[in-house]
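All remarks here apply to the structure that follows.
Values in this document were obtained by computation on a predicted structure and should not be read as measured data.
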Amino acid sequence: MNLIKENFEELRRNKKLFLLFTIFLIFGQFLLQYKFAIWPKLYMGLAVLAFVMLLSFCRLSDKNKISRNAFILIAVMGILNAFIMPIRQNLDENTHYYHALEVADGKIRNQTNEKNFLMVSPDFLGVAKLPSKPEYKSLLNTNLYNQEFLQLEHIPSNYEKELLDVSGFNNPAYIPSALGIVAGRLISDKVAVSYYLGRIFNLLFYAFLVWAAVKTSRNYKLQIFVTAAIPYTLWISSGFTYDNLYYGLILLVLAQITNFLSGDKKVTFSNVVKYSFTCLGLVFCKAPTILLMLLPLFLQKNNYKSPREWLKAVCTIMSFLFLGFLWLVQNMLFKFFMPGSHSADQIIENTSSGGRLSYFINHPVYSVELILRGFSDVVVTIFESIQKPQPFFMQAGFLGFTNIIVFIVLFVLITLQVKFQVNKIFVRMLLAIFSIITLGIIYAITGDPRVFEVGDLHVSGVQGRYHFYMLGFVPLLLAPVIKKPHFAVNNLFSNFDENKTQLFVMKLVFIVTVLNSCVALYGYL
């Protein structure tokens, strides 16, 4: 009873925010449809329920509840997004869904390619045939109003030998969504139930990683909270994907490395083991970012408990990097030790890696121009991802403008909240690792025939979401500049109370998150 009373009181204190969120719903209807004739009542009801839960269970007046607020914001609004976003419209969702289904079927190794899996899995075939605006230019999207989707019943997969193309281990990044699929099959024979639960479990795993990162951090909580709630992270994590693992692990990396940098406690061997294990997970989603594992090697020696601890850190990091390398070459190892294994086709087939590399080496001027264009696009693509967070959705221009302005303000405010300094050697090595990772991402995308062919002047497939790791370090890198006494921004916010600033940041993040969901609510339907 006390908990219910406490939640009711919190909702009453946040009645202004609830009123604002309700206005967003009405305004979105007017802005995107220009009339009030057709109300998507089911989704409206889900949105209102989400607002009530959000404002009841969060504690926006208590800055010490930031980890709780982060979890509830991402869990509640992410689940709402999982229902709003039409099926198969997350980025590469067909491919991720097929892998999740295979893991849900208990397959440790990849059994087939995506094309053959249509014949292996009736569930996958049934979902793949449903309407989709982006893929088939259909007039309809498949959502909770599509009766064909809702009535589709689960049929077990049939792994016939002639269809199998066994290759390496299935990616453990798909375990959360696979668990959701399994749970859905246990409670219902409807494919829609397992589909949405697969999305929701994936999203909740991201929410848990965010909570763990904020909880782990001692001096970078607010910065992690804002980075975690960038709208595109919630949208992409609300579907079948492995990007939720990428985002969550990057936030855990931020929490741990900033704990090391703050210097309030000495770095120990166990700290480095935990950090290396976190970075190792990045090989399952965005492999080049595993190089962030090297960062502890560039801390000042006095950050470590003893010189011996630093030497142990070097050995640990190199060992974990070797494990990551083994994962990347697993198909080659299977072919060598088990000649019967094949490499199943993926959506991105990199069969001409050697040819591309030799072409780039033999055309140095072209290669340098391509790399420079790729690096010059980094900031632009990051802003584009923040501006347009929903996959395959052209939202109203005002929302993109609002997203950009709000997150510029937020990043200025959280940069001013940074309480420790970073030595120059660490900053230089951090920027060097960023450059190597970016170069690796650019090269990897040149192997995707959907977006790049040798001879193109631009690697168009590099998206801003790939650079999520950069965003988290922005406050750390900009703090020495922005916090200088003569800097205009510092003077503008110098009179802001620290506690009030943190509460303002939390509320602003909540508002912009809800605004994006309200606009998408009508744009997707």
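Counted within 6.0 Å of CZ on Phe375, heavy atoms from surrounding residues, nucleotides or ligands total more than 12; the atom is thus considered enclosed. Annotation: Lys266, atom NZ; neighbour count of heavy atoms from other residues, nucleotides and ligands within 6.0 Å is above 12. Enclosure of atom CZ in Phe383 is not indicated, since only 12 or fewer non-hydrogen atoms of other residues, nucleotides or ligands lie within 6.0 angstrom. At most 12 heavy atoms of other shown residues, nucleotides or ligands fall within 6.0 angstrom of atom NZ in Lys424. Phe277 CZ: 12 or fewer foreign heavy atoms inside a 6.0 Å radius. Summarising the local packing, CG of Leu372 is surrounded by more than 12 heavy atoms from other residues, nucleotides or ligands at distances under 6.0 Å. No more than 12 heavy atoms of other residues, nucleotides or ligands sit less than 6.0 Å from atom NZ of Lys305. Counting heavy atoms of neighbouring residues, nucleotides and ligands inside a 6.0 Å radius, atom CG of Leu328 exceeds 12 of them.
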side-chain contact (heavy atoms from CB on, under 4.5 Å) for Leu254 and Leu251? Distances and angles first, verdict last. CA-CA 5 Å; Leu254 280 169; Leu251 297 172; 4.2 Å; yes
Does the pair Leu476 and Leu261 meet the rule for a side-chain contact (heavy atoms from CB on, under 4.5 Å), with working shown? CA-CA 10 Å; Leu476 208 60; Leu261 288 166; 3.7 Å; yes
Do Glu114 and Asn94 pass the side-chain hydrogen bond (donor to acceptor under 3.5 Å, both in side chains) test, and can you show the C-alpha distance, the side-chain angles, and the key distance before you say yes or no? CA-CA 9 Å; Glu114 185 176 349; Asn94 268 354; 4.8 Å; no
With side-chain hydrogen bond (donor to acceptor under 3.5 Å, both in side chains) as the test, would you mind laying out the steps for Thr268 and Asn271 before giving the verdict? CA-CA 5 Å; Thr268 64; Asn271 295 147; 3.0 Å; yes
Arg199 and Glu93: salt bridge (Lys or Arg N to Asp or Glu O under 4.0 Å), yes or no, with the steps? CA-CA 10 Å; Arg199 279 182 166 185; Glu93 189 158 32; 2.9 Å; yes
Could you check Asp92 against Thr241 for side-chain contact (heavy atoms from CB on, under 4.5 Å), going step by step and ending with a plain yes or no? CA-CA 8 Å; Asp92 293 330; Thr241 182; over 6 Å; no
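Between His96 and Tyr174, the two ring planes are tilted [angle within 30° to 60°]. Classified by interplanar angle (parallel below 30°, tilted 30° to 60°, perpendicular above 60°), the ring pair Phe468/Tyr246 is perpendicular. The aromatic rings of Phe117 and Tyr98 lie tilted to each other, with the angle between the two planes from 30° to 60°. Phe407 and Phe411 have tilted rings, their planes meeting at an angle from 30° to 60° on a 0 to 90° scale.
Looking at every heavy atom in both residues, Asn81 comes nearest to Ser238 through CB-OG, 3.5 Å. Between Trp235 and Met85, the shortest heavy-atom contact is O-CE, 3.6 Å. Between Pro475 and Ile414 the shortest heavy-atom distance is CG-CD1, 3.8 Å. Of all the heavy atoms in Ile84 and Ala520, the pair that sits closest is CG2-O, 3.7 Å. Taking every heavy atom of both residues into account, Tyr232 and Ile386 meet most closely at CD2-N, 4.1 Å. Ala229 and Thr513 make their closest contact through O-OG1, 4.1 Å (heavy atoms, listed as atom of the first residue, atom of the second, distance).
The backbone N or O of Phe169 sits nowhere less than 3.5 Å from a side-chain atom of Asn110 that would complete a donor-acceptor pair. Under a 3.5 Å cut-off, the side chain of Thr316 and the backbone N or O of Lys312 do form a donor-acceptor pair. Side-chain atoms of Gln256 come within 3.5 Å of backbone N or O of Leu252 as a donor-acceptor pair. A distance-only check finds no donor-acceptor pair linking the side chain of Ser217 to the backbone of Ala213 [under 3.5 Å]. Looking only at distances, no side-chain donor or acceptor of Ser56 sits under 3.5 Å from a matching main-chain atom of Met53. A side-chain donor-acceptor contact under 3.5 Å links Thr233 to the backbone of Ala228. Formation of a donor-acceptor pair under 3.5 Å by the Asn170 side chain with backbone atoms of Lys107 is found in this model. Looking only at distances, a side-chain donor or acceptor of Ser262 sits under 3.5 Å from a matching main-chain atom of Asn259. Side chain of Gln390 to backbone of Asn516: a donor-acceptor contact under 3.5 angstrom is found. With hydrogens and angles disregarded, a donor-acceptor distance shorter than 3.5 Å links the side chain of Asn171 to the backbone of Ala173.
Put simply, the side chain of Ile72 reaches to within 4.5 Å of the side chain of Arg68, judged on heavy atoms. When side chains are defined from C-beta on, Tyr206 does not count as touching Pro176, because their heavy atoms never get closer than 4.5 Å. When side chains are defined from C-beta on, Asp243 counts as touching Lys286, because their heavy atoms get closer than 4.5 Å. Leu294 is listed as a side-chain neighbour of Met318, based on a closest heavy-atom distance under 4.5 Å. Side-chain contact between Leu430 and Leu477: present, with at least one pair of heavy atoms (C-beta onward) separated by less than 4.5 Å. Side-chain contact check for Leu280 versus Leu321: every heavy-atom pair is 4.5 Å or farther apart. Residues Ile181 and Val103 form no side-chain contact, since every pair of their non-hydrogen atoms from C-beta on lies 4.5 Å or further apart. Counting heavy atoms from C-beta on, the side chains of Leu295 and Phe473 come closer than 4.5 Å.
Interatomic distance, OG1 of Thr258 versus NZ of Lys221, reported as 10.0 Å (0.5 Å rounding). Put simply, CG on Leu203 and CG on Leu234 are 6.5 Å apart, with the number rounded to the nearest 0.5 Å. Between Ile236 atom CD1 and Ser385 atom OG the span is 7.0 Å, to the nearest 0.5 Å. Interatomic distance, Ile290 CD1 to Ser276 OG, rounded to the nearest 0.5 Å: 9.5 Å. If you take CZ on Phe320 and SG on Cys279, they are separated by 10.0 Å, rounding to the nearest 0.5 Å. The distance from the CD1 atom of Ile250 to the NE2 atom of His467 is 12.5 Å, given to the nearest 0.5 Å.
Under the ring-ring contact (aromatic ring centres under 6.0 Å, His included) criterion, no residue pair touches residues 212-231, with sequence neighbours excluded.
Taking the ring pair (Phe, Tyr, Trp, His ring centres under 6.0 Å) definition, one finds that Phe83 meets it with Tyr196, sequence neighbours left out. Under the rule for a side-chain hydrogen bond (donor to acceptor under 3.5 Å, both in side chains), the partners of Arg218 that lie at least two apart in sequence or sit in another chain are Asp264.
The one candidate from Tyr469, Tyr466, Tyr443 that meets the side chain to side chain donor-acceptor pair (under 3.5 Å) condition with Thr438 is Tyr469.
For Phe240 and Tyr195, the ring centers are positioned less than 6.0 Å apart.
Between Arg465 and Glu384 there is no salt bridge, since none of the side-chain N atoms of the basic residue sits less than 4.0 Å from a carboxylate O of the acidic one.
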